[in-house]
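In what follows, a single structure is set out as structure tokens and then discussed.
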Amino acid sequence: MGTPAIELKNITKTFGPIVANKDVCLTVNKGEILSILGENGSGKTTLMNMISGIYFPDHGQIFINGEEVLIRSPKDAFKYKIGMIHQHFKLVDVFSATENIVLGLKDDGKYNLKASEKKIREITAQYGFELEPSKKIHEMSVSEKQTVEIIKVLYRGADILILDEPTAVLTPQETKKLFAVLRKMRDSGKAIIIITHKLHEVLSLSDRVSVLRKGEYIGTVNTAETSESELTEMMVGKKIELNIERTKVEETPDRLEIRKISCVNREGITLLNNISFTAKAGEILGIAGIAGSGQRELLESIAGLQKLNSGEILYHNPTTGYTENLRDKSPVKIKELGVRLSFVPEDRLGMGLVGNMDIIDNMLLRSYRRGKSAFLERKKPKDLANKIIEELEVVTPSAKTPVRRLSGGNVQKVLVGREIASSPTVLMVAYPVRGLDINSSYLIYNLLNKQKENGVAVIFVGEDLDVLIELCDRIMVINSGKITGIVDAENTTKEEIGLLMTKNDGGESHE
Amino acid sequence: MIVSFIQRAVMQGIPLLYGSTGEIITEKGGHLNLGIPGIMYVGAISGVIGAFLYEQSAETVNPILAVIIPLLSSMLGSLLMGLIYCVLTITLHSNQNVTGLALTTFGVGFGNFFGGSLIKLTNSDTPSIALVETSKCFKTPLPFAEKLGWVGELFFSYSFLAYAAIIIAIVVSIFFNRTRKGLHLRAIGENPATADAAGINVDRYKYISTCIGSIIAGLGGLYYVMDYADGIWSNNAFGDRGWLAIALVIFAVWRPNVSILGSILFGGLLIAYNYIQNLSFEQQELIKMMPYVVTILVLIVISMRNKKENQPPASLGLSYFREER
């Protein structure tokens, strides 16, 4: 250890008004594993993309082996022996591992897959990978695909490896294997940067940890001298006062009862693991967790879009007094049962609205079934569209503008407005303020509060812990499809939630 | 009789083989060029124009020039068609299906316009142009063919363009599977973003593969006029061979070497009605449908087996913008 392989000095990158990285300084030594820790949106990936040549920094310098360099493209990054393993693999499905690994190489003499295969076998033997070079990508497991990506950069002679959340898609056993390989690479003198938000991995694998928060560089500590609570505090920071009003509703009957639901995807990975909770009318239930912990699947299974393997979703109907089981029912069926469920999905223009249609037509999407004649009833949706534009201050040339042309915040207002207008009894919103400015965000918070006062059970999936604590009544924290805790928002701290979010759910040792 | 049937089947098949080889190269780069029928038509009429002008201007027909001039003018015509398609779909990202169909409509109109004009120039009684001299030069068979009896007739009686078609198909097959550039082209058709990230110039590959594919397809048109039709051009005689060529691509599961046999099979199915006795008109038409029926069957089989290697290139028909990563 000692000689720096790569050094970043005062790196700043902005995207329009958003500062993704501000004055970040980092050093990675040869023969060292550095973890970069931070919440979603803290600028980890942006920073790494600057090292690997996808973005170019606005300010600051990058030094490699003590010399200042400019990395303008992925090709430049290759030249400085930097290899990045992206979270989303860049592989051709119908090609074999070897074909993928040699793809794009020119300076390799004659095209000879046999010789390349031999070289790949040497690399796999050296670091202890398990890979059959002639296997096709589409026949591989996720972890094998990742191995191909890693060998791809090693084959090109990379000395500095960047791994973007490499364990997000792996099983604990595969993670263990990966870590063993990474340690071997470190011992052979390579510099390794690993982006993650899993604390236990940081502690077990890395030599040093650098923490980013909201694009800012917080500090670097030696792993041996730190603890989970110190790192959590660096990650989430101090509490910020937001002054969102929280009203108390007197009567809060149970509205939605989730009993032990589990769901496994096609690859056999568990998305939801034995989740049970109750959503009450007149209450905002917050859901916190690292992105991809099962929030989306949870909401979709309630909305009738996700098949479950076990469990029940019980709805207590306030008008009839009956209890219905919504599990595995289609959205139309759920509606026919008289359940008034509204869902504002994370993917606004994919699942929520149709981008090429105007605001009026998007209103129609929710009401077209109501008409009795063969022709569409256009008057009411038009009135509704105009009402939403006026009340929610949607900035648009007219109600006839395609939704695609509105800004993110206005799209969100249209979607939330439409969902609220159907006077739901359960309102589920996923990241409703993502990409919105402060004023629009507060508008949405107030709307949600008003719904709560009207006796709606609101389920709010959010990423900003400050907002969750101020807005919600209770906060449920999930981690890899499992509930790690349900806390009372008034008596909790960011640190407590942060720890729950990254809590290693027992049993699995990562050595 | 069998020998002459196979011989005719091969001659029917060669234009389809050219068309499908051209289309396969294009599709491997991720572009679905439905303009192939139009391009083949333009390839044919361009060759006819070249040959016509040469026959008109030359006192005596020099056999080498009589081949080279139509060949070059045909290649130039289909290259220009390919370039139009490239600029529209690769540079301007327009919809490939719409562009291809427009090109086919345009190509057929272009061919009929110039075909009609030439027919007028010759003042002939029949609505066709006869380029018998040029055709003779194209059809020069191998000198030893006649001495070998039926073997010679079956294997060595064709013109050079027929052998060229088979050689091109084999070379293209080898190119895909045994060369680095072939690997790159296939990667682009499957996943252009990955190819781009690997430092491959996606647009350049697409331009070159689409243009070369167009030229090869155009030669199919030229073969049809000069060999199959004995140098006689009449409007719309080319028929729907272009569409059959595209069907053949699917039949051959995107492999030019399979396409060689497939083209002969298609050719045989196309003319089978001539060789079956006592068919009514309706039955004849039904038999002519066979190549399409076979293609549909192949599609059903490969979809049901769902083997990844037999599927069309994954990004076929999609435009690639780098910014949309």
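FYI, side chains are in, hydrogens and waters are out, and symmetry mates aren't considered; it's all heavy atoms of this structure.
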### Message
Once you measure the plane-to-plane angle for B:Tyr85 and B:His31, does it fall in the parallel (<30°), tilted (30-60°) or perpendicular (>60°) bin?
### Response
perpendicular

### Query
Given a strict heavy-atom distance threshold of 4.5 Å, which part of B:Ala187 is in contact with chain A: side chain, backbone, both, or neither?
both

### Message
One pair to check against side-chain contact (heavy atoms from CB on, under 4.5 Å): B:Ile200 and A:Leu103. What are the steps and the verdict?
### Response
CA-CA 9 Å; B:Ile200 297 167; A:Leu103 187 66; 3.8 Å; yes

### Message
Under a 4.0 Å threshold between the charged nitrogen and the carboxylate oxygen, would B:Arg186 count as salt-bridged to A:Glu99?
### Response
yes

### Task
Give, as side chain, backbone, both or neither, the part of B:Arg178 having an atom under 4.5 angstrom from any heavy atom of chain A.
backbone

#### Entry: Contact class of A:Leu113 relative to chain B, heavy atoms under 4.5 angstrom
neither

### Message
For A:Ile150, run the side-chain contact (heavy atoms from CB on, under 4.5 Å) check against A:Leu178, A:Ile123, A:Val181 and tell me which one passes.
### Response
A:Leu178

